[in-house]
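Have a look at the structure below, then the notes.
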Amino acid sequence: MNVRRSAAVLAAVAVLGAAAPAAADSSPSPTPQPLPSALYGDTDPQYDGVWRQSLALLAQHAAGAEPPKAAVGWLTGQQCADGSFAPFRADPSVACDAKTMVDTNQTAAAVQALAALGGHDAVTGKAVGWLKSVQNKDGGWGYTAGGPSDTNSTSVVVGALAAAGEKPGEVRKGGKSPYDALLGLELPCTGEGAGAFAYQPEKDGSLTANADATAAGVLGALGRGLLVEPGKGDGAAAGSCVKATTPEQAAANGAAHLAGELAAKGYLLAATPGAEDQPDVGNTADAVVALAAQGDTARAKKSYAWLEKNAADWAAQSGPAAYAQLVLAAHATGADPRDFGGTDLVKQLQAAGPAVPEKTTKAAEEAEDEKDGDSPFGVWWFVGVCLVAGIGIGFLISNRAKRQQP
């Protein structure tokens, strides 16, 4: 996820830089516009608004919480007429055009969230149609339409296809499927980074192991999305690397690489050249989900335990998408996101968005209906009526007794 977010920023900067005038603009800076009240987070959404909104909705759904209708409506309202999504459209009433910076990651994340919530087939159908229309000839997807395929983008689109009821292996371009693209982005079983996925090939065509891409690649090769149900893996612990001729073997290889990287300390290191070794909390959370999807539950839970002790402050600083990552990691391992080392992740996530409705689950609504019965006024209305009737009857009996006295 960190790589995808960086890619979004770099892509946007490249576009803006190409369009910038040669001389500096001396006019006053425009007054910052207030953020939509239905949006999660209080940071600039220009590059990740739809992404973090989608993760926030998906994580709440995973935790059994009903997201506010306003938040869902904001997300559906961000869609362009052709089905694609941009990171953020300040005024959705203005039609998208060639300058609107739509991308595959935002679009695929929105599909996964809305498909999980249900009832948005028209929106997800158009989005899937757009994603299919921009598939590359190698079977994969780049961050932007027509861009070189990368593991992260291809994998998040695979998750969207699966969430929408498509069979990813049957979505082809030039005879190639997304799985063909992913197999081409996995490192061989010899040398450094054996079995890992690269984000993209280097300029010379070589592949360099990337932990974030590997976590995404495992999910993509398994045909899974960001929401992984606990206990749904094949039960096989990650073993040694074997030459991958199938997406399933590629996923097993990638999981084995992640397990090896996590074995020593329980977390992944941030790949920052020249800097001291620092834990990469976000990539570790993604790795937990990937291992759980593969079926290596024991190792996933070990790293999840590390997250419980060390990730709460990171999430508080990083915002709603970070809380969502941790909720999804908890869900994948069967843990309770409301008791994350003493932190209620769901409550913290909801606090970063619009007001949550009083009834956040279907069960709560059913319980309320059962309590009130079939009466439109509820049980307390019935009790009140009975009390009034009882008082009236008491008066009648008292008056009748007085009349009967000699």
Side-chain angles (χ1 to χ4, degrees), residues 1-4 138-141 149-159 161-162 168-169 176-202 205-226 228 231-269 271 280 282-304 329 332-333:
M1 292 185 185
N2 296 331
V3 169
R4 284 197 292 272
D138 62 3
W141 284 266
S149 297
D150 65 76
T151 296
N152 298 65
S153 299
T154 300
S155 296
V156 74
V157 173
V158 166
L161 295 172
K176 299 287 187 179
S177 78
Y179 297 133
D180 293 313
L182 291 174
L183 285 171
L185 288 165
E186 187 175 42
L187 277 70
C189 288
T190 57
E192 185 177 356
F197 285 85
Y199 174 67
Q200 283 179 331
E202 304 291 341
S206 63
L207 300 175
T208 302
N210 181 290
D212 185 45
T214 301
V218 170
L219 292 180
L222 290 172
R224 304 287 185 85
L226 301 169
V228 171
K232 295 296 185 180
D234 62 13
S240 58
C241 186
V242 178
K243 182 178 180 180
T245 57
T246 65
E248 293 79 11
Q249 185 58 54
N253 290 345
H257 174 81
L258 289 174
E261 293 293 302
L262 290 166
K265 298 182 178 180
Y267 59 84
L268 297 174
L269 292 174
D280 192 323
N283 282 350
T284 300
D286 292 346
V288 166
V289 175
L291 289 175
Q294 173 62 24
D296 195 349
T297 307
R299 297 191 223 204
K301 287 184 175 179
K302 180 180 178 181
S303 291
Y304 179 79
T333 55

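Quick note: numbers below take in every heavy atom, side chains included, and nothing from hydrogens, waters or symmetry partners.
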Interatomic distance, CG@Leu269 vs CG@Leu262, rounded to 0.5 Å, equals 9.5 Å
Where is the tightest heavy-atom contact between Ala209 and Ala196, given as atom of each residue plus distance? CB-CB, 3.6 Å
Please identify each residue that fulfils side-chain contact (heavy atoms from CB on, under 4.5 Å) with Ala251, with sequence neighbours left out. Val218, Ala221, Leu222, Gln294
Do you know the tightest heavy-atom contact between Thr214 and Gly254? CG2-O, 3.5 Å
Rounded to the nearest 0.5 Å, what separates atom CG in Asp138 from atom NZ in Lys176? 8.5 Å
As an exercise, state the distance from CG of Asp212 to CG of Asn283, rounded to the nearest 0.5 Å. 4.0 Å
Any idea which heavy atoms bring Leu207 and Pro201 closest together, and the distance? CD2-CA, 3.8 Å
Under the side-chain contact (heavy atoms from CB on, under 4.5 Å) test, which residues partner Lys265, sequence neighbours left out? Tyr267
What are the two closest heavy atoms between Ala162 and Gly223, and how far apart are they? CB-O, 3.5 Å
Tell me whether Ser303 contacts the main-chain N or O of Gly266 through its side chain, where contact means a donor paired with an acceptor under 3.5 Å. yes
Any residue meeting side-chain hydrogen bond (donor to acceptor under 3.5 Å, both in side chains) with Gln249, in chain and number order, not counting sequence neighbours: Asn253
N/O donor-acceptor pairs under 3.5 Å from side chains in residues 177-188, not counting sequence neighbours:
{"from": "Ser177", "atom 1": "OG", "to": "Tyr179", "atom 2": "N", "distance (Å)": "3.2"}
{"from": "Ser177", "atom 1": "OG", "to": "Asp180", "atom 2": "N", "distance (Å)": "3.4"}
{"from": "Ser177", "atom 1": "OG", "to": "Asp180", "atom 2": "OD2", "distance (Å)": "3.4"}
{"from": "Asp180", "atom 1": "OD2", "to": "Ser177", "atom 2": "N", "distance (Å)": "2.8"}

Could you tell me which non-hydrogen atom of Gly193 sits nearest to which non-hydrogen atom of His257, and how far apart they are? CA-CE1, 3.9 Å
Which residues satisfy the side-chain contact (heavy atoms from CB on, under 4.5 Å) test with Glu192, sequence neighbours excluded? none
Any side-chain to backbone donor/acceptor pair from Ser206 onto Glu202? Under 3.5 Å, distance only. no
Assess the residue pair Thr151 and Tyr199 against the criterion (side chain to side chain contact (heavy atoms under 4.5 Å, CB included)); give the C-alpha distance rounded to whole Å, side-chain angles, the decisive distance to 0.1 Å, and a yes or no. CA-CA 5 Å; Thr151 296; Tyr199 174 67; 5.5 Å; no
In short, Gly217 meets Ser155 closest at the heavy-atom pair CA-OG, 3.6 Å
Interatomic distance, Leu291 atom CG to Leu258 atom CG [nearest 0.5 angstrom]: 5.5 Å
OG1 of Thr333 to NZ of Lys302: how many Å apart, nearest 0.5 Å? 15.0 Å
With Thr190 via side-chain hydrogen bond (donor to acceptor under 3.5 Å, both in side chains) - residues at least two apart: none
